[in-house]
2 protein chains.
Amino acid sequence: MSKRTEKTIVDIAEELELSVSTVSRALHDHPNISAKTKEKVKKMARKMGYRPNTMAAGLRNNKSKTIGLVVPRISMFFPATISTVIQNKLQEHGYNLLICQSNDSLEQEIALADTLYSARVDALAVSTTLYTTDFSHFDVFNENNIPLVFFDRVPKDYKVKVIKGDDYLGGLTVTNHLIERGCKDIVHISGPLTCNLYVERVAGYKSALQQHKIPFKKSRIFYHELTRENALQTCEKIFAQQPYPDGVFAANDTTAITILEYCRKIKLRVPEDIKIAGYSNDPRAEIITPSITSVDQCPALMGEKVAAALLELLQQSKPVQKYNEEIIPIELITRASTEGPVVKTRGKKK
Amino acid sequence: MSKRTEKTIVDIAEELELSVSTVSRALHDHPNISAKTKEKVKKMARKMGYRPNTMAAGLRNNKSKTIGLVVPRISMFFPATISTVIQNKLQEHGYNLLICQSNDSLEQEIALADTLYSARVDALAVSTTLYTTDFSHFDVFNENNIPLVFFDRVPKDYKVKVIKGDDYLGGLTVTNHLIERGCKDIVHISGPLTCNLYVERVAGYKSALQQHKIPFKKSRIFYHELTRENALQTCEKIFAQQPYPDGVFAANDTTAITILEYCRKIKLRVPEDIKIAGYSNDPRAEIITPSITSVDQCPALMGEKVAAALLELLQQSKPVQKYNEEIIPIELITRASTEGPVVKTRGKKK
DNA sequence: CCGAAAATTGCAAACGTTTGCACTATAAAT
DNA sequence: ATTTATAGTGCAAACGTTTGCAATTTTCGG
């Protein structure tokens with residue numbers, strides 16, 4: 001009812017005729033406080049409906065018990081899964097998580113870095129925008145020894161802890177798989193090369209072609225944001241003229257699904273006429289008919305690693321933060337969309 | 001390098017030989033400060049790398065510019081979509097969002113309410129656990145006039161702002177649809193009745209049966225958490241003996257998908273032998289073959305409404321908060337899994 | 001050039017905690 | 001009983017802002 005209804009430790013102290021410091025210590029189980037006093041204080045705190053004020057404590061301690069997380073979008077499968085894991089893990093350790101999304105806008109990402117620093121997050125985990133190539137908006141965290149961890153979409157040449165998937169190996173494995181299944185003309189649909197993921201997947205794709213002496217053709221690779229709309233446009237281009245490719249490696253599953261549907265529409269049989277593989281192992285890839293071969297990136301494991309890295313960096317109060325890179329393994333999940341004859345590769349057989 | 005590297009407005013004031021209050025006001029574009037001073041202060045702030053400390057401001061103002069969000073899981077389609085929208089909307093208005101997940105554990109939900117109150121969130125949005133029937137852990141928000149909005153999974157008899165889908169209508173519509181398509185023996189797989197969603201969907205299901213003079217059989221309805229594992233167990237029961245049902249209304253799409261796959265396995269044809277409908281319009285429902293009829297709950301719209309409600313309640317500084325309920329419409333999305341002859345219903349035809 | 005109004009700026013308290021240090025009471029040792 | 005160690009408690013400053021009010025400066029009409 002009344003205005004000043006919030007109880008503070010000062011109120012408890014007055015009520016109990018103790019000092020504020022004693023109350024504070026009692027509530028925190030400080031060893032110097034007698035058991036009786038602790039009991040008394042805690043009981044009174046409960047009775048008065050006392051609630052600690054994190055902001056006041058944070059100001060005093062210079063730590064907020066809050067960690068920031070910046071991802072492109074929280075509703076996409078991969079970041080959502082990772083966020084879930086991180087959130088649960090940190091929650092267990094008494095940290096709150098400020099989850100923010102950049103919507104793949106560099107401008108928003110910069111603003112978020114600013115806001116999260118102002119909130120004095122104790123640490124920050126980031127998966128960048130597709131278009132982030134300059135990382136100076138994160139400098140302030142490094143300068144102030146605030147643990148900073150990048151994952152999945154990570155910087156090049158930026159001294160910071162990095163946890164990423166093995167995208168080169170992923171690209172290589174998928175492409176090799178398609179080749180082994182008999183594909184000789186493989187289209188690759190990639191995201192923009194401003195993002196490390198796609199640079200590496202493309203590199204893997206090219207390596208695989210080279211290993212099998214298949215010439216790389218510039219016309220067989222496409223770069224754009226991997227949305228359904230863009231994928232459709234690319235389909236129009238790919239299937240505008242013969243010969244059609246006999247394999248498609250899409251750098252995400254939304255794209256792979258779109259291609260599959262397009263093929264169905266133009267009466268191309270998958271996998272008989274054309275084989276399709278995606279990336280990220282979105283739940284939809286498993287469920288569509290035919291199910292789509294994809295690359296599992298172990299999002300849960302990545303989330304664990306990110307959380308662990310954050311917690312570890314938070315431990316070591318001193319700024320020992322070493323620059324290092326952790327690679328999360330990938331696993332090829334082969335499904336119906338790439339079934340077909342396994343063709344012997346020259347020399348080494350599978 | 002050095003320890004005390006954080007710049008504060010005190011530092012700026014000293015550097016400029018101004019008072020702290022002037023600096024504070026200048027940075028906030030207070031009208032009483034001259035244009036020259038503002039310029040000078042802002043330039044110096046930039047130069048010194050000053051970053052406001054939200055915690056200090058929050059302590060003084062008694063507002064954190066942070067809003068709490070509690071959902072069962074952030075990686076599930078429906079809450080993820082809603083969270084995305086809420087987050088973006090609030091971000092636009094300068095609020096941070098503390099996203100937390102209860103993992104459908106009442107215990108965790110209680111702990112989160114506590115933590116978020118301690119963080120002095122300016123408002124709170126909640127979609128409860130499946131098992132939350134007592135809401136007293138949220139009392140403290142009401143008592144202190146902190147805007148509190150429940151959505152989707154909402155309380156009964158708790159004086160608070162509520163935004164929910166029309167689950168009764170949803171249940172009714174789906175069941176009517178199945179009946180119109182010729183089903184006469186419809187199984188309903190529901191979540192636990194501790195959650196409003198399922199109470200209402202069941203009520204809708206029963207109403208539809210009644211309207212069509214189809215007897216309700218207790219043995220044709222199942223209650224459990226709607227996971228894949230549980231769905232499989234239920235399938236075992238349903239198809240343990242003849243006669244098989246000719247329609248299934250599952251209260252979520254994960255369950256519907258599981259049933260569909262089970263039917264496929266035991267060579268039941270969908271929709272010829274049995275029709276299946278789900279709920280929530282998960283992206284997988286559209287993509288599976290046959291595609292599954294489901295109920296679109298307009299998550300984006302719900303997110304908008306929640307964000308709008310929060311912002312509105314934050315406006316009115318006075319505790320005028322009226323208890324009211326907003327209903328988000330639903331839309332039946334009919335797909336292949338329920339195709340078949342439309343049977344005339346007695347009297348009113350579609 | 002004077003005085004009053006208007007425009008700027010400064011003072012100091014407050015927000016709720018935590019914590020180093022000093023202090024008092026109690027227990028143990030002589 | 002006196003000293004010494006130990007356990008328990010209190011004082012007061014500090015964290016970085018914001019803001020009501022007072023104080024100062026500027027502007028300007030006359």
Side-chain angles (χ1 to χ4, degrees), chain A residues 3-42 44-45 48-66 115 117-122 144 317, chain B residues 3-42 44-45 48-66 115 117-122 144 317:
Chain A
K3 211 68 181 258
R4 300 261 351 85
T5 177
E6 290 261 21
K7 298 302 179 193
T8 72
I9 55 173
V10 178
D11 298 319
I12 300 179
E14 279 173 1
E15 196 71 29
L16 254 34
E17 302 197 309
L18 280 173
S19 77
V20 202
S21 36
T22 302
V23 173
S24 172
R25 282 191 262 252
L27 290 172
H28 286 87
D29 278 323
H30 190 285
N32 282 8
I33 302 293
S34 71
K36 303 158 234 154
T37 312
K38 282 181 189 169
E39 255 330 292
K40 206 167 49 170
V41 170
K42 286 180 185 172
M44 180 57 78
M48 296 176 73
Y50 164 76
R51 305 283 182 143
N53 185 320
T54 309
M55 281 187 294
L59 176 57
R60 168 64 220 234
N61 295 333
N62 202 31
K63 57 183 54 172
S64 59
K65 277 288 176 183
T66 296
T115 309
Y117 185 81
S118 280
R120 295 295 188 275
V121 291
D122 292 341
N144 291 82
S317 49
Chain B
K3 210 73 185 255
R4 300 264 346 91
T5 176
E6 291 261 22
K7 297 302 180 192
T8 74
I9 57 173
V10 179
D11 298 319
I12 300 179
E14 277 173 3
E15 195 71 26
L16 252 35
E17 302 198 308
L18 281 173
S19 76
V20 200
S21 38
T22 302
V23 172
S24 172
R25 281 191 263 251
L27 290 172
H28 286 87
D29 277 323
H30 190 285
N32 282 9
I33 302 293
S34 71
K36 302 157 240 157
T37 312
K38 282 180 189 167
E39 255 330 292
K40 209 168 44 172
V41 170
K42 287 179 186 172
M44 180 57 78
M48 298 177 70
Y50 165 75
R51 305 282 182 145
N53 184 320
T54 308
M55 281 187 294
L59 176 57
R60 166 64 219 231
N61 296 332
N62 202 30
K63 56 183 54 170
S64 60
K65 277 290 177 182
T66 296
T115 309
Y117 184 81
S118 280
R120 296 296 188 274
V121 291
D122 292 342
N144 291 83
S317 48

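Naming: A, B, ... by sequence-line order, numbering from 1 per chain.
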**OP:** Indicate whether OP1 or OP2 belonging to C:dG10 is found under 4.0 Å from a side-chain N or O atom of B:Ser19.
**Re:** yes
Original post:
Which whole-number value in Å describes the distance from A:Ile9 CD1 to C:dT19 P?
Top reply: 11 Å
Subject >> Protein-nucleotide distance (B:Leu27, atom CG; D:dT19, atom C1'), rounded to Å >> reply: 15 Å
Subject >> Heavy-atom check, side chain of A:Met44 versus side chain of A:Asp11, under 4.5 Å >> reply: no
**OP:** Test for a donor-acceptor pair under 3.5 Å between the base of C:dG16 and the side chain of B:Arg120, counting only N and O atoms.
**Re:** no
Original post:
Whole Å only: how far is the CE atom of A:Met55 from the P atom of D:dT17?
Top reply: 14 Å
**OP:** Using whole Å, report how far CD1 of B:Ile33 lies from P of C:dT9.
**Re:** 5 Å
Subject >> Flag, side chain of A:His28 to backbone of A:His30, donor-acceptor distance under 3.5 Å >> reply: no
Original post:
For B:Ser34, which contact category applies under a 4.0 Å heavy-atom criterion: base, sugar-phosphate, or nothing?
Top reply: sugar-phosphate
Original post:
Starting at NZ of A:Lys63 and ending at P of C:dT19, how long is that distance when rounded to a whole Å?
Top reply: 9 Å
Original post:
For DNA chain C, whose closest nucleotide is more 5', that of B:Glu17 or that of A:Tyr50?
Top reply: B:Glu17
Original post:
For A:Ile12 and C:dG16, what is the distance between atoms CD1 and P respectively, to the nearest whole Å?
Top reply: 13 Å
Subject >> Closest to side chain of B:Arg25, choosing from C:dC21, D:dG20, C:dT8 >> reply: D:dG20
Original post:
Once you round it to whole Å, what is the distance between P of C:dG16 and CG of A:Asp11?
Top reply: 8 Å
Subject >> Rounded interatomic separation in angstrom, taking CG from B:Asn53 and C1' from D:dA14 >> reply: 13 Å
**OP:** With the side chain of B:Thr8 defined as its heavy atoms from C-beta on, choose the nearest nucleotide among C:dC15, D:dT9, D:dT17.
**Re:** D:dT17
Original post:
Quick one: is A:Ser24 getting a side-chain N or O under 4.0 Å of the C:dG16 phosphate, OP1 or OP2?
Top reply: no
Original post:
Any donor-acceptor pair under 3.5 Å joining the side chain of B:Arg60 to the base of C:dG16?
Top reply: no
Subject >> Considering all heavy atoms, the nearest B:Ser64-B:Thr54 contact >> reply: O-CG2, 4.1 Å
Original post:
In terms of the nearest nucleotide of DNA chain D, which residue is placed more toward the 5' end: B:Asn61 or A:His30?
Top reply: A:His30
Original post:
Does B:Arg120 pair with A:Glu6 as a salt bridge, N-O distance under 4.0 Å?
Top reply: yes
Original post:
So, does the side chain of B:Ser21 form a donor-acceptor pair with the base of C:dC11 at under 3.5 Å?
Top reply: yes
**OP:** Between C:dG16, D:dT18, D:dG16, spot the one nearest the side chain of B:Ala56, thanks.
**Re:** D:dG16
Original post:
Between D:dG10, D:dT18, C:dT9, which nucleotide gets closest to the side-chain atoms of A:Leu18?
Top reply: D:dG10
Original post:
Would a distance-only check, ignoring hydrogens and angles, find a side-chain to backbone donor-acceptor pair under 3.5 Å from B:Lys63 to B:Ala57?
Top reply: no
